[in-house]
Amino acid sequence: MEEGLRLYNTLTRMKELFQPLQSPFVGMYVCGPTVYGDAHLGHARPAVTFDLIFRYLRYLGYRVRYIRNITDVGHMEEEGLGEGEDKIAKKARLEQLEPMEIAQYYSNRYHAHMTQLNVLNPSIEPQASGHIIEQIALIEKIIDAGFGYVSEGSVYFDVESYSRQHHYGKLSGRKVEDLLSNTRDLEGQSEKRNPFDFALWKKARPGHITKWPSPWSVGFPGWHLECSAMSAKYLGDHFDIHGGGMDLLFPHHESEIAQSQAANGQDPCKYWIHNNLITINGQKMGKSLNNFITLDELFSGKHELLEKSFSPMTIRFFILQAHYRGQLDFSNDALKAAEKGLKRLMDGWKSLEKITPSDASTVQVKPLQEQCLEAMNDDFNSPVLIATLFDGVRMINSLVDKKETITPEDLTLLRSTFQAFIFDLLGLVDEAPETGSGRIEQLMETIIQIRKHARERKDFATSDFIRDELARINIQIRDTKDGAEWAVTG
RNA sequence: GGUACCAUGGCCGAGUGGCUAGGCAACGGUCUGCAAAACCGUGUACAGCGGUUCGACUCCGCUUGGUACCUCCA
């Protein structure tokens with residue numbers, strides 16, 4: 001068991017040594033998507049970030065239960081359209097579909113996109129709609145503890161009475177007094193004692209489709225409740241890691257803490273991990289800003305902001321080249337750079353096959369491996385890990401050029417290090433197109449032979465013709481010292 | 001207004017109290033019939049102003065600029 005992992009805890013604003021509550025078991029809960037639209041770049045970041053963390057914790061030998069929920073009961077939309085309309089219900093009316101039909105449709109697409117990004121499946125992927133009973137039970141606990149009140153068939157969390165005993169705002173650094181003086185006046189909130197009280201249960205208005213019976217009304221659970229209920233159900237009242245995007249810090253995660261404290265008398269988890277957001281041209285992407293790019297559009301290149309398509313692995317590499325706590329700005333140039341960098345890394349990996357070992361090593365492989373581990377141990381620093389791997393690529397190229405030498409043992413270590421960090425931990429996949437069936441291989445062999453003979457006769461018109469024509473169908477000829485190679489591009 | 005965070009070379013993006021991040025681009029070179037590809041080499045940048053220090057890009061303060069959250073959003 002590795003002892004050196006340090007991670008940044010949003011709760012303490014410090015890097016802390018990771019010490020699981022019940023090693024070797026680790027419980028991790030991450031806020032998943034609301035399935036009423038296609039996944040976009042913003043969904044890719046937490047998915048890839050926590051995939052990296054999941055992979056690394058397993059690599060260290062922990063037995064991780066990773067929960068990532070699916071929100072399918074809808075959250076409230078309060079602006080413009082009045083209070084309390086359910087997002088999924090709204091879309092359902094527009095498209096004349098059952099709410100669950102929409103949720104299922106987008107869940108399926110989300111999974112497909114995550115698979116393309118080579119994001120591992122979580123251990124459990126609970127749906128909010130499947131845990132209404134647990135959520136109702138949690139509300140009852142909160143009411144019994146004196147921190148919830150019923151009003152007009154809805155139930156609200158009493159932030160003021162809670163804050164007399166606990167610090168509401170300790171995760172996001174807020175003070176209740178500030179909340180009091182700064183909360184905007186929203187219409188139709190007369191049911192609440194205080195404007196910053198949040199709903200635990202909302203009574204459904206006429207026409208509202210997604211609703212369930214409860215002791216208080218036919219309605220639906222409030223927006224912070226599902227995570228509290230489902231994390232407790234599968235990980236217990238106190239677990240190791242809770243993650244999500246920084247935009248969820250307040251009020252979502254803050255309220256989760258309050259709910260758990262109110263119901264169970266303790267914080268839900270030990271470490272809070274938040275990934276930063278992706279911006280587009282320096283601005284955040286959001287559904288309401290209409291500047292988001294879906295993964296589908298990224299992969300196909302069909303979006304006005306995109307100069308070309310970008311493969312799933314390019315997106316994954318792009319995300320991993322920045323530290324998860326830093327903002328990452330999207331641009332075509334940045335993605336193109338990531339695309340080329342990824343290719344360089346993969347070419348380096350493939351070049352390992354060309355190395356012939358010697359009796360002695362002039363390169364240092366062990367320190368390289370240690371640097372990789374140190375990078376990951378330092379709050380999952382994937383950019384430093386990648387930089388170290390590029391140092392490895394330079395080492396590999398020098399070995400291929402026979403400017404350096406390496407023993408069989410070191411070569412094995414180098415190969416296993418690359419295997420572990422590139423594929424097992426960073427989760428990258430070599431996307432180079434298949435060169436095709438054996439017959440095509442033989443055909444290309446023949447063509448290359450013809451071109452070779454033409455060149456030997458100095459018949460460059462023929463050799464260039466072959467090269468140009470192949471290039472037209474995206475087959476690239478590369479002349480190397482050991483003869484010509486070919487590869488399918490794009 | 002409150003809260004949180006950030007300002008690094010042409011671009012993306014790490015990191016550190018004194019010693020090379022890395023990738024892309026650019027430039028030079030090797031290779032090549034010419035190319036392409038590939039590989040090698042080259043960049044003293046850290047918003048501004050003060051302070052602490054033998055020494056700060058790295059710590060502290062201020063200023064300026066930016067982003068996010070406070071309202072659905074990863």
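Basis for what follows: all heavy atoms, side chains included, without hydrogens, waters or symmetry-related copies.
- In this structure, CD of A/Q476 is placed 5 Å from C1' of B/rA37, rounded to the nearest angstrom.
- Closest contact between the side chain of A/A334 and the listed nucleotides B/rC12, B/rC34, B/rU67 involves B/rC12.
- The aromatic rings of A/F292 and A/H40 sit tilted, their planes meeting at an angle between 30° and 60°.
- Using a 4.0 Å heavy-atom cutoff across all strands shown, A/G42 reaches at least one base atom of the nucleic acid.
- Counting non-hydrogen atoms under 4.0 angstrom, A/L328 reaches the backbone sugars and phosphates but no base.
- For A/I278, taking side-chain heavy atoms from C-beta onward, the closest of the listed nucleotides B/rA74, B/rA36, B/rG13 is B/rA74.
- Interface remark: the A/R478 side chain does not form any donor-acceptor pair with the B/rC31 base, using a distance-only criterion of under 3.5 Å.
- Checked by distance alone, A/D459 brings no side-chain donor or acceptor within 3.5 Å of a matching partner on the base of B/rG33.
- Backbone-only contact: A/R394 has heavy atoms under 4.0 Å from sugar-phosphate atoms and none from a base.
- Here A/Y106 and A/Y36 keep their ring centres 6.0 angstrom or further from each other.
- With a cut-off of 3.5 Å on both pairing distances, B/rA14 has no Watson-Crick or G-U wobble partner at all.
- In A/K308, the NZ atom is crowded: over 12 heavy atoms of neighbouring residues, nucleotides or ligands sit closer than 6.0 Å.
- Across all strands shown, A/L248 has heavy atoms under 4.0 Å from sugar-phosphate atoms exclusively, and none from any base.
- Summary of the strand contacts: A/G32 and A/M395 both lie near RNA chain B, and taking for each the nucleotide with the nearest heavy atom, the more 5' one is attributed to A/M395.
- Comparing the P positions of B/rG65 and B/rG55 gives a spacing of 32 Å, expressed to the nearest Å.
- Nucleic acid contact class of A/L277 (heavy atoms, under 4.0 Å, all strands): base.
- B/rC31 sits 11 Å from B/rA37 when the C1' atoms are compared, rounded to a whole Å.
- Taking atom CZ of residue A/F380 and atom P of nucleotide B/rG13, one finds them 21 Å apart after rounding to whole Å.
- Taking atom C1' in both B/rG33 and B/rG28, the straight-line distance is 23 Å, to the nearest Å.
- Using a 4.0 Å heavy-atom cutoff across all strands shown, A/K343 reaches sugar-phosphate atoms only and no base atom.
- The C1' atoms of B/rU58 and B/rU16 are separated by 6 Å, rounded to the nearest whole Å.
- The partner of B/rU3, taking Watson-Crick or G-U wobble pairs whose two distances both stay under 3.5 Å, is B/rA68.
- Using a 4.0 Å heavy-atom criterion, one finds that A/E339 contacts no nucleic acid atom at all.
- Listed nucleotides: B/rG33, B/rA74, B/rG23. Nearest to the side chain of A/R451: B/rG33.
- Under the Watson-Crick or G-U wobble criterion, with both distances below 3.5 Å, B/rC39 is paired with B/rG29.
- If you check B/rG33, B/rG15, B/rG23 against the side chain of A/Q321, the one that comes closest is B/rG23.
- B/rC72 and B/rA68 have their C1' atoms separated by 16 Å, with the value rounded to a whole Å.
- Between A/N276 and B/rA68 there is no side-chain N or O to OP1 or OP2 distance below 4.0 Å.
- The aromatic rings of A/Y110 and A/H43 stand perpendicular to each other, their planes meeting at an angle above 60°, with 30° marking the opposite boundary.
- Toward the 5' end of RNA chain B, the nearer of the two residues A/V384 and A/F460, judged by each one's closest nucleotide, is A/V384.
- With hydrogens and angles left out, the side chain of A/R13 and the base of B/rA4 share no donor-acceptor pair within 3.5 Å.
- Minimum atom distance to the side chain of A/H323 is reached by B/rA14, of the listed B/rA38, B/rA14, B/rA74.
- Going from the P atom of B/rA26 to that of B/rU67 covers 30 Å, rounded to whole Å.
- Between the side chain of A/R174 and the base of B/rC69 there is at least one donor-acceptor pair of N/O atoms closer than 3.5 Å.
- Evaluation of atom-type donor-acceptor distances gives no pair under 3.5 Å for the side chain of A/T388 against the base of B/rG22.
- Taking only side-chain nitrogens and oxygens, A/T34 comes nearer than 4.0 Å to OP1 or OP2 of B/rA74.
- Base pairing analysis places B/rC59 opposite B/rG51; the two distances defining the Watson-Crick or G-U wobble pair are each below 3.5 Å.
- Taking the side chain of A/D247 as heavy atoms from C-beta on, and the options B/rC70, B/rC73, B/rC40, the nearest nucleotide is B/rC73.
- Remark: the A/D479 side chain and the B/rA35 base include a donor-acceptor N/O pair separated by less than 3.5 Å.
- Across all strands shown, A/K340 has heavy atoms under 4.0 Å from sugar-phosphate atoms exclusively, and none from any base.
- Residue A/F460 qualifies as enclosed at atom CZ: its count of foreign heavy atoms under 6.0 Å is above 12.
- Side-chain nitrogen and oxygen atoms of A/R344 include at least one within less than 4.0 Å of the OP1 or OP2 phosphate oxygen of B/rG23.
- Annotation: A/K336, atom NZ; neighbour count of heavy atoms from other residues, nucleotides and ligands within 6.0 Å is above 12.
- B/rA45 and B/rC60 have their C1' atoms separated by 23 Å, with the value rounded to a whole Å.
- Going from the C1' atom of B/rG18 to that of B/rU53 covers 12 Å, rounded to whole Å.
- Atom pair A/N474:CG and B/rA36:P shows a separation of 18 Å (rounding to whole Å applied).
- Between A/D267 and A/K170 there is a salt bridge, since at least one side-chain N of the basic residue sits less than 4.0 Å from a carboxylate O of the acidic one.
- A/D464 comes within contact range of at least one nucleobase, with a heavy-atom separation under 4.0 Å.
- Aromatic pair A/H252/A/W223: centroids not less than 6.0 angstrom apart.
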